[in-house]
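Computed from heavy atoms alone, side chains included, the values below leave out hydrogens, waters and symmetry copies.
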Amino acid sequence: MIDPHSFTDSTHPLTTHVSLTLYFHFPSSTIHATALLTLQTPHTGPLSLDTRSLTIHKILDPATLAPLPFTLSSSEHPIKGRLLTVYLDNNSSVLILYSTSPSSSALQWLSPPQTFNKTHPFVYTQCHPVHARSVFPCQDTPAARVCYSAKLNLPRELSAVMSARHCDCHDPVGTDLDGVLTNEESGFGFDLKSLWCEEGRVVEEFVMEQPIPPYLFAFAVGELGFREVGPRTRVYSEAVDGVLDAAAREFAGTEEMIRQAERLFGEYDWERFDLLVLPPSFPYAGMENPRMVFLTPTVIKGDASGARLVAHELAHSWTGNLITNKNNEHFWLNEGFTTYAERRIVEVVQGEDIAALNIGIGWRGLNEEMERFKDNMEFTKLKNNQEGVDPDDMYSRVPYEKGFQFLWRIEHQIGRSAFDEFLKKYIATFKFKSIDTETFLDFLKANVHGIEKDIDLQLWTEGTGIPPDAHEPVSNLYIKITSLAKDFKLGRMPREDEVANWKGQEWELYLKNLPRAVEASQVLALDARYRLSESKDYEVKVAFLQLAISSRCRDYYGEVEKTLKEVGRMSFLRLLYSGLVEGPGNEEEKILAKRVFAEARECYHPIAQGIVEAIFAKHV
């Protein structure tokens, strides 16, 4: 077995290329599609593919258009979906005719009222970690890197972006579907060619010529606009001047970050670094789709501090996208490296104090995760066992922050310049490969002689909890903020002159270092002076609302409800819903949480819906 979250069989050849035609039918929230999968080598016998919520109409030999026998498992595995088995006879490619369903776990279909302009519908993907299989049948494991091409047929008033190079836009023609049979033979139940060529449609074509893991497959379709912010960067969003202008201001420094990242890690290999600001329902802070990073609108803060997240997604261009974890049990190889790289970029672009603040916020987050997983310490390991575990359920800061601490520890041991040389060599050696923890450790020991004598590598990668040689950052600003947080426990609020220059990250660090619960009167007094509940920075606002909930300061429950209804970012949902429902004696809070979720559920992405439902299953 290659991957605990995939039906992919290690004895079968891997897919090397996928060619897709996608017809977007917004009224039914469905895509009618064909997928041509090309294999490494010709194969005879069964080929195992991952699917979820797909209707398979027919599978053909693309050379002869003869049907190929297949089976689809009758029951759905709660994590892996349905196993599609195609029976091959010396075939090196297969053509699959299929349709998605409205319940696809990767796709969120937004009706016009759920968009900014409220005129046209919108759809976007979130395929990480195991959801590409709900968009097209595939070997949905990072071990199977693929190139792809795609033709997207959409209403003419909409446009599309992808994690790929845009290469053509034309009126639909029947030859777009060469190799797809007519109505009576196709199994769709309708003539896809006639539908494809209807008036009022347009076809956008894309190609990705570099091999990527399936979770980096991405598209968005809607009424999109853009602003140029650099020679390699456009910012896209729904065509709303206010959003586009704010995003362009927030990310104006992107080219400088790309240049600094290239100095650290080598040449940028993906040509473009475009950004797409999605509607508020996007479930993550950002998603590092190559050439087209997806971002939550909550990252636009008005003070350019959203650049921290862009630095993180940019760093993924090397660690995660070029070198990828073989499966989710080694997720720290993606996120620990990227968090380290992000902070090196921030240090150069925004200064050492800001980098130290970010490390400090991460340190608090890591300690909070130790509390969250105290009953399942397996999830506090860098390399962990995920057999039977949904990766969405165990998503946490551990691979990011413990992974960062591990690499920071190595840097301290051997010195920054030596570590920089090691990093460049690591990236050059493994680019466009998917690797595991053992491969990294072997490479580390071969290139940094004696490192295993100085650092307990097994404790760091396979041990639970936080190793004793991990540490919080050292900087004057960090010490000042954390000591002010300690003063709050003694009843002293920071003076206005002490916080005059604070931006979002300073407040976020301060709030995260306050006691978990304080007197309701203290919460009210803090907000009366600094208006944190009204902050435009959602990191600050949510940290404050978390404090209000845990202090049972019910004055803010209206603001909690409003926040849960206007954003779908999972880290915020997890914090606020968990705060409301965890622990004894909070029946009023549980009733509030259930009511708000019932009212807001349709505005959340399917992945986020599942996370909130898992919290309720455990605590309500």
Side-chain angles (χ1 to χ4, degrees), residues 142 145 210-213 216 231-233 253-273 288 290-291 293 307-308 310-326 330-352 355 358-359 382 399-452 454-455 457 460-461:
R145 302 179 75 103
Q210 294 148 302
I212 60 168
L216 290 177
R232 292 180 266 192
T233 306
T254 301
E255 178 60 25
E256 174 62 16
M257 284 201 290
I258 300 173
R259 285 205 290 266
Q260 294 299 340
E262 287 184 312
R263 286 198 190 109
L264 285 169
F265 313 120
E267 191 178 352
Y268 181 76
D269 263 314
W270 304 93
E271 187 185 6
R272 299 281 307 170
F273 183 71
E288 64 272 17
R291 301 181 64 104
V293 166
R308 170 181 64 163
V310 174
H312 184 89
E313 306 310 337
L314 170 64
H316 266 305
S317 303
W318 289 269
T319 53
N321 296 7
L322 271 189
I323 306 176
T324 307
N325 50 236
K326 201 171 216 170
H330 308 276
F331 188 44
W332 80 272
L333 287 171
N334 279 19
E335 295 300 350
F337 270 93
T338 297
T339 303
Y340 175 85
E342 163 213 322
R343 287 172 184 160
R344 290 291 303 276
I345 296 167
V346 167
E347 184 181 305
V348 174
V349 175
Q350 296 188 325
E352 289 183 16
N358 292 347
I359 295 169
L382 285 184
Y400 297 74
E401 298 300 342
K402 189 175 178 180
F404 163 80
Q405 285 282 340
F406 180 34
L407 299 172
W408 204 33
R409 173 71 184 86
I410 298 169
E411 184 211 298
H412 285 310
Q413 185 64 42
I414 68 174
R416 176 165 280 191
S417 61
F419 190 64
D420 283 355
E421 287 307 307
F422 168 79
L423 258 186
K424 279 187 175 157
K425 188 174 180 185
Y426 168 70
I427 290 165
T429 302
F430 295 109
K431 69 194 285 189
F432 295 114
K433 292 187 170 71
S434 299
I435 68 168
D436 58 18
T437 301
E438 287 68 33
T439 304
F440 167 72
L441 292 177
D442 289 345
F443 185 79
L444 176 67
K445 288 183 280 193
N447 287 276
V448 183
H449 299 295
I451 190 71
E452 66 272 30
D454 298 315
I455 299 175
L457 302 179
W460 268 100
T461 54

**OP:** Using the side-chain contact (heavy atoms from CB on, under 4.5 Å) rule, take Ile451 and Ile414 through it: C-alpha gap first, then chi angles, then the decisive distance, then the call.
**Re:** CA-CA 8 Å; Ile451 190 71; Ile414 68 174; 4.0 Å; yes

**OP:** Start with the C-alpha gap between Asn325 and Ile435, add the side-chain angles, then the distance that decides, and say whether side-chain contact (heavy atoms from CB on, under 4.5 Å) holds.
**Re:** CA-CA 5 Å; Asn325 50 236; Ile435 68 168; over 6 Å; no

Subject >> Check against side-chain contact (heavy atoms from CB on, under 4.5 Å), Leu382 and Thr437 >> reply: CA-CA 9 Å; Leu382 285 184; Thr437 301; over 6 Å; no

Original post:
Should Trp318 and Phe273 be marked as a ring pair (Phe, Tyr, Trp, His ring centres under 6.0 Å) after you check the CA-CA gap, both sets of side-chain angles, and the distance that decides it?
Top reply: CA-CA 12 Å; Trp318 289 269; Phe273 183 71; 8.8 Å; no

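Considering only residues two or more places apart in sequence or on other chains, Arg232 meets the side-chain contact (heavy atoms from CB on, under 4.5 Å) condition with Glu255, Ile258, Arg259, Glu262, Tyr268. Asn447 pairs by the side-chain contact (heavy atoms from CB on, under 4.5 Å) definition with Phe422, Lys425, Phe443, not counting sequence neighbours.
Considering Trp408, Tyr426, Tyr340 as possible partners of Phe419, the one that fulfils the ring-ring contact (aromatic ring centres under 6.0 Å, His included) test is Tyr340.
Ile323 places a side-chain heavy atom less than 4.5 Å from the side chain of Ile427. The side-chain heavy atoms of Asp420 and Arg344, taken from C-beta on, include a pair separated by under 4.5 Å.
For the residue pair Thr254 / Thr233, no side-chain donor-acceptor distance below 3.5 Å is found, with atom types taken as modelled. Side-chain polar atoms of Glu438 and His330 form no donor-acceptor pair below 3.5 angstrom. Judged purely by distance below 3.5 Å, without hydrogens or angles, the side chains of Gln405 and Arg409 never pair a donor atom with an acceptor atom.
Between Phe432 and Trp270, the distance separating the two ring centers is shorter than 6.0 angstrom. Aromatic ring centres of Phe337 and Tyr400 lie farther apart than the 6.0 Å criterion allows.
The shortest heavy-atom contact between Val346 and Ala311 is CG2-CB, 4.1 Å. Residues Ile455 and Phe406 approach most closely at CG2-CE1, 4.3 Å, considering heavy atoms. Closest non-hydrogen pair, Glu288 versus Asn321, comes out as O-ND2, 2.8 Å. Nearest heavy atoms, Ile345 versus Ala261: CD1-CB, 3.8 Å.
A distance of 8.5 Å separates CD in Glu271 from CD in Gln210, rounded to the nearest 0.5 Å. From Thr338, atom OG1 reaches atom CD of Glu313 across 8.5 Å, with rounding to the nearest 0.5 Å. Leu216 contributes atom CG, which lies 6.5 Å from atom OG1 of Thr324 (distance to the nearest 0.5 angstrom). The CD1 atom of Ile359 sits 9.5 Å away from atom CD of Glu342, with the distance rounded to the nearest 0.5 Å. Considering CG of Leu444 and NE2 of His449, their distance stands at 11.0 Å, rounded to 0.5 Å.
Salt bridge Glu347/Arg416: present, at least one basic N to carboxylate O contact under 4.0 Å.
At distances below 3.5 Å, not a single donor-acceptor pair connects side-chain atoms of Thr319 with backbone N or O atoms of His316. Distance alone, capped at 3.5 Å, is enough to place a donor-acceptor pair between the Thr461 side chain and the Leu457 backbone. Judged by distance alone, the side chain of Arg343 and the main-chain N or O of Asn358 form a donor-acceptor pair under 3.5 Å. The backbone N or O of Lys402 lies less than 3.5 Å from no partner atom in the side chain of Trp332, so there is not a single donor-acceptor pair. Within the 3.5 Å criterion, the main-chain N or O of Pro142 finds a donor-acceptor partner in the side chain of Ser434.
Sorted by first and then second residue, the salt bridge (Lys or Arg N to Asp or Glu O under 4.0 Å) pairs involving residues 426-437 (not counting sequence neighbours) are Asp269-Lys431.
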